[in-house]
Amino acid sequence: MPRRKHVEIAGGGFAGLATATAFCHRGWTARIHEAAPELRSFGAGIFIWENGLRVLKALGAYDAVVAGAHEAPGYEGRDENNERMSLHHFGGDCRMLTMTRQHLYAAMLAAAQRAGVAFEISSEIVAADPTGALIGADGNRHEADLVVGADGVNSKVRQSLGVKTERTTFTHGVIRILVPRGDQDLTETNPDYVINFWGPRLKVLYTPCDANDLYLAMMVHKEDDEARAIPVNKKVWKQEIPHLAHIFDRIDDQGRFDSYEMTKLDRMSVGRAVLIGDSGHPMPPTLGQGAGCAIMNALGLAVAIDEAGDDLLDGLRVWEQRERPLTEHTQDISSLYVRNRAGSDGGNKWDAIAMRTARHIPTGTADIIF
Ligand code: FAD
């Protein structure tokens, strides 16, 4: 019997789980090293579009994700006076689902476990050797046919590979919070919509995740120390967007602030080491496609390497050529919308250019029928 090929992966986030699952489905063995002492997702809510749903179906996580997620009947923009500026409907052929991050993570983790992925928790990776090994903080070498840096935006694997990096930072960032939904949350509009509430200086993206949970993405200038404080300075936010005061009252001491950033790399792989997800292509969250691109690229990688047979390096070349243009397009369009009201005020955020990623049929999903 031929030896099963093996992939070692740094990082047990969405990118790492998707990569490991996709390779196991193609006869490989896969092991994820997660630096944290437990497997879980941090953050509050998340948007997954049609492209991501197709990948989740291919990974075996779709049914569990859709059960209990929220499909908003519309996407609305409201101004400082709480007047509607826009209302957009996406239609059934390009769904936009919202959910808690933990809901998505649990479904993807269960799919990975069913596929036979092995996990090492509290296992920090500090470098990759392009000949085919991950190096642990404890000095151990983990050899494999392919090694993957899926270790997030501050990737040590990326730094160790010395890939030329172009980093863009932005003026704004976001506080992410989960609060309970209330029966009377919004009387002025449909409380099941996803809604951008604009204040003069701050903005809140109101996102139902399920019947109980509401995700607030609170956008603020990164130098606005008063408004970006954690715990959230409710007084400032209530003054700015008074019609959400009753919802701000439900915020506890939780929450985190992340500033927006985008990084583009000269190349996504060096030898047998490859970068996937935020380690390779972080982007502002304005299109809600960072994780979508991460899992598309993960599945696309497994497909390309499977197709390449014994010529793994050719598989990596084909993968990068095939997947990278859409990822870079998504990064570019996401960057345009950092401080732009399009999508809220009837602007063109939902045009064919911005929706290209959501409408894309990811590699490895052409045969999927829902
Ligand atoms: P991560 O989720 O960061 O996972 C990396 C994992 O690696 C972590 O578990 C970490 O503990 C582990 N790790 C780190 N260092 C090491 C190490 N040295 N060794 C071992 N393990 C390590 N995307 C969407 O698709 N839809 C959205 O709605 C959306 N909203 C967003 C909102 C905000 C405010 C932000 C900031 C991002 C948003 N994104 C969204 C983007 C999305 O969160 C990321 O693209 C996605 O989480 C990337 O997954 P990842 O697995 O690459 O990285």
Side-chain angles (χ1 to χ4, degrees), residues 8-20 31-53 55-56 65 69 96-102 104-105 108-109 112 119-128 134-138 140 142 147-160 170 172-177 194 205 207 209 215-220 255-263 275-298 327 330-331 334 338 357-358:
E8 293 272 339
I9 300 167
F14 300 124
L17 289 178
T19 307
R31 178 163 60 167
I32 291 178
H33 297 265
E34 169 53 52
E38 57 177 332
L39 295 168
R40 57 158 298 177
S41 175
F42 290 91
I46 193 158
F47 290 66
I48 296 292
W49 295 80
E50 195 71 31
N51 58 314
L53 294 173
V55 175
L56 292 170
V65 167
M96 178 195 75
L97 263 55
T98 54
M99 62 205 76
T100 63
R101 283 192 175 239
Q102 199 45 37
L104 175 62
Y105 193 83
M108 290 186 65
L109 178 59
F119 294 92
E120 290 285 333
I121 53 168
S122 303
S123 177
E124 188 194 351
I125 298 300
V126 291
L134 291 180
I135 317 297
D138 54 8
N140 281 339
H142 307 285
V147 296
V148 177
D151 49 343
V153 68
N154 299 313
S155 171
K156 291 194 169 148
V157 171
R158 180 184 70 226
Q159 289 160 26
S160 76
F170 298 89
H172 285 71
V174 74
I175 299 171
R176 290 180 278 175
I177 300 274
V194 169
L205 179 64
T207 306
C209 290
Y215 164 38
L216 302 177
M218 305 165 75
M219 194 178 80
V220 46
R256 58 181 268 175
F257 173 81
D258 292 284
S259 22
Y260 294 160
E261 70 171 86
M262 177 175 77
T263 302
L275 298 163
I276 295 261
D278 277 7
S279 67
H281 48 77
M283 63 186 80
T286 50
L287 290 181
Q289 280 287 5
C293 285
I295 63 176
M296 281 199 296
N297 287 340
T327 301
T330 316
Q331 290 181 296
S334 299
V338 170
T357 316

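We count ligands from 1, going down the list as the structure has it; atoms in each ligand are counted the same way.
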Which residue and heavy atom of the protein sit nearest [atom], plus the separation:
{"atom": "atom 12 (C) of ligand 1", "value": "E34 OE1, 3.3 Å"}
{"atom": "atom 1 (P) of ligand 1", "value": "G152 CA, 4.4 Å"}
{"atom": "atom 35 (C) of ligand 1", "value": "R176 NH1, 3.7 Å"}

When you measure from [atom] to each heavy atom in [options], which option holds the nearest one?
{"atom": "atom 47 (O) of ligand 1", "options": "F42, F14, F257", "result": "F14"}
{"atom": "atom 22 (C) of ligand 1", "options": "A35, G149, S155", "result": "A35"}
{"atom": "atom 38 (C) of ligand 1", "options": "R40, M219, R101", "result": "R101"}

So for ligand 1, is [X] a polar contact partner (N or O within less than 3.5 Å, distance only)?
{"X": "A291", "value": "yes"}
{"X": "A15", "value": "yes"}
{"X": "G292", "value": "yes"}

Within the 4.0 Å heavy-atom shell around [X], which atoms of ligand 1 are there?
{"X": "F47", "answer": "24 (C), 25 (O), 26 (N), 27 (C), 28 (O)"}
{"X": "G290", "answer": "23 (N), 24 (C), 25 (O), 41 (C), 45 (O)"}
{"X": "G277", "answer": "52 (O)"}
{"X": "A150", "answer": "5 (C), 6 (C), 7 (O)"}
{"X": "E124", "answer": "18 (N), 19 (N)"}
{"X": "I125", "answer": "17 (C), 18 (N), 19 (N), 20 (C)"}
{"X": "H33", "answer": "20 (C), 21 (N)"}

Can a donor-acceptor pair be found between the side chains of T357 and T330 at a distance below 3.5 Å? yes
